[in-house]
There are 2 protein chains.
Amino acid sequence: MADVARLAGVSTSTVSRALRQPDIVSPELRTRIDEAIERLAYVPNLMAGGLASARSRTVGIIVPSIMNSFFSETVEALGERLADRGYQLMLGHSGYSTEREEALVASYLAWSPAAIVLTGRHHSKLTLRRLLEAEIPVVEMWELGERPIDMLVGFSHREVGRAVARHFRSRGATRLAFVGAALDRDLRALERGAGFLAEASAGGTDAVTVSLAERPQVATGAQGLARLLDEQPGVDAAFFSNDVMALGALFECRRRGIAVPERLRLCGFGDLDFAAESVPLLTTVRPPRREIGRRIADALLARFEGDASGPAVLDLGFELIERESG
Amino acid sequence: MADVARLAGVSTSTVSRALRQPDIVSPELRTRIDEAIERLAYVPNLMAGGLASARSRTVGIIVPSIMNSFFSETVEALGERLADRGYQLMLGHSGYSTEREEALVASYLAWSPAAIVLTGRHHSKLTLRRLLEAEIPVVEMWELGERPIDMLVGFSHREVGRAVARHFRSRGATRLAFVGAALDRDLRALERGAGFLAEASAGGTDAVTVSLAERPQVATGAQGLARLLDEQPGVDAAFFSNDVMALGALFECRRRGIAVPERLRLCGFGDLDFAAESVPLLTTVRPPRREIGRRIADALLARFEGDASGPAVLDLGFELIERESG
DNA sequence: GTGAAAGCGCTAACAT
DNA sequence: ATGTTAGCGCTTTCAC
């Protein structure tokens, strides 16, 4: 930067200003500075800037798993919008563990990030304390609830479960089941199941849960269907943890010659791209995957510019997509 | 850090040493320092450290798409191993564009990263120059080839294509097809297709390409199958860009009553989890997704400790998984 | 609108 | 093995 200043015949403070708030520098100097930057191929040292200003154009984000397409679509949308404005994403995955989340938050904080984005509402005490002390924007996403740390962008998983139960009932199903995987860690799926069961029993419909310990994968869905058929042969409609599991169930039904939806109705969650192509087409719930990322980016960018007027809690809703399977 | 030093009754240099190379500090002081750190809940400022040492414990990584499970599994494996050693991942996605890659590399470099990991071998001139000048470890991944920028960890996509063609031939197929999507951007898929066609013609077998402009998704696979049947009715074995497309083709076959593999053999790429569950089970090629991440982490960590003895090019191979579809 | 000067919190010679 | 000292490259008062 000293080189740039020398070449442009100004002081480093002016170069710094020209970079950060171009409008308060006279047009003439700005041009000279821009030329110097160009000629020297100057790349600012962000660590020096960060040290001096005690903040950085970095946003830390933690998702349970990078491989989960739900979250990765949110991350991609968020990252794209932030990158346009010069912010970098530091990505980590907690593997659904609050301890790993705690460690990640601590290491993010050491970078004086501009903001931190967390998945869900379940955090350790220490994480909460550190976040509060950091006094930076904090977003919790993919859920809803009371008293967010700061901002909250998501939708109600309980309502998702209720909507699916109502849908099944309206189609004449009489014995419902929720098939979940790793529910001790995936609290959002647990919540969907709870809403589903609550709505079923509120409507006087029979409902059971089949809970598998494994992670929610295609094979787990197939297993879940097998267990369901074994243990609860009377069930005529099943709501799965997500589309991936529902796909496994679809395959297993095919193998066993179970007619979907005639003998058994199936509903997934996520509206992943195969849901609109499978045989039969998969009835599912579409969460606002990209929208969550976009809205968080917008809220954050507004906050970075000093605009704190946005809502603390943003409910982006969801959509039940009725197709052939249920 | 000054507070810690004061409380422990030592100088800041000693605290700094205790943090970076604990073994060169006497056990007694180390204990006192650790206690002070604990009591003050001291969190080091990484930007200050980075500025002073002109490097940071940060690794920049660029993948074409975060949502692609191939790469996200690599990212997850890499991130996990690096996080254990105190390194943070800065993640970005290029959307298969070298210009976006260029911009990302530039912004990573402003953080004095410990290393940079790129997907593929196709980069802009400026990116190459900057990377060379940065004098940090650079890994190109998911491909193989001559003269890497620095390190190269992957496998041969051309060989993948050849292996699939040989496999189809050995099963008696006589008219082969490669069905690809967005081949102008996905150079790895293009390479697989080229290997496939080359091997087919080398063996005297007829082979054609069906190329779609859309991104390789489930729906694209279904479309690809439709076009294949229309334009090349005699084809009896098709190799798809990846498993996602192959799944779409499987569904489309089901809809059209095409017997797989009797009438048409299908092979995918990726061995995504549904491949082992679909009906029929999907024959595919398994790339070393996690292994790539792990080996890069190992190579990088070795380099960070000054060990430059590792190979510049690491061929991790692949595996053809024969199941029912082909 | 621009410049001078004082750090930001740490690391790395160097000296002891 | 430990302390002293001089920055790292930028931002940000504070004068002008």
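Lettering follows sequence order; numbering is per chain, from 1.
- The interatomic distance linking A:Arg6 (CZ) with D:dG9 (C1') rounds to 13 Å, in whole Å.
- Using a 4.0 Å cut-off, some side-chain N or O of B:Arg20 falls inside it from OP1 or OP2 of C:dT11.
- Taking the nucleotide of DNA chain D with the nearest heavy atom to each of B:Thr12 and B:Ala52, the more 5' of the two is matched to B:Thr12.
- Computed from coordinates, the B:Glu28 CD to D:dT2 C1' distance equals 12 Å when rounded to whole Å.
- Between B:Ser16 and C:dC10 there is no side-chain polar atom (N or O) within less than 4.0 angstrom of OP1 or OP2.
- For C:dT11, neither phosphate oxygen OP1 nor OP2 lies less than 4.0 angstrom from any side-chain nitrogen or oxygen of B:Ser53.
- Protein atom CE of B:Met1 is 12 Å distant from nucleotide atom C1' of C:dA12, rounded to whole Å.
- Using a cutoff of 4.0 Å between basic side-chain nitrogens and carboxylate oxygens, B:Arg129 and B:Glu102 are not scored as salt-bridged.
- The base of D:dG3 lies close enough to the side chain of B:Arg17 for a donor and an acceptor atom to sit less than 3.5 Å apart.
- For C:dG3, the OP1/OP2 oxygens have a side-chain nitrogen or oxygen of A:Thr14 closer than 4.0 Å.
- A salt bridge is defined here as a Lys NZ or Arg NE, NH1 or NH2 lying under 4.0 Å from an Asp or Glu carboxylate O, and A:Glu191 with A:Arg188 fails to meet this definition.
- Under 4.0 angstrom from either OP1 or OP2 of D:dT2 there lies at least one side-chain N or O belonging to B:Ser26.
- As a whole-Å value, the separation of B:Leu46 CG from C:dT11 P is 9 Å.
- B:Leu19 places its CG atom 15 Å from the P atom of D:dT2, with the value rounded to the nearest Å.
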After noting the C-alpha distance and the side-chain angles of A:Ser26 and A:Arg30, does the key distance pass the side-chain hydrogen bond (donor to acceptor under 3.5 Å, both in side chains) rule?
-> CA-CA 6 Å; A:Ser26 70; A:Arg30 212 160 57 206; over 6 Å; no
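- Mapping A:Arg55 and B:Ser13 onto DNA chain D via the closest heavy atom, the residue that lands nearer the 5' end is B:Ser13.
- Between the C1' atom of C:dA12 and the CD atom of B:Gln21 lies a distance of 10 Å, rounded to the nearest Å.
- Here D:dG9 presents its P atom at 10 Å from CE of A:Met47, a figure rounded to the nearest Å.
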What's the verdict on salt bridge (Lys or Arg N to Asp or Glu O under 4.0 Å) for B:Asp150 and B:Arg303, showing C-alpha distance, side-chain angles and the deciding distance?
-> CA-CA 12 Å; B:Asp150 180 5; B:Arg303 285 279 283 267; 2.9 Å; yes
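- One finds no salt bridge joining A:Asp84 and A:Arg81 here, because no Lys/Arg side-chain nitrogen approaches an Asp/Glu carboxylate oxygen to under 4.0 Å.
- The interatomic distance linking B:Leu51 (CG) with D:dG9 (P) rounds to 7 Å, in whole Å.
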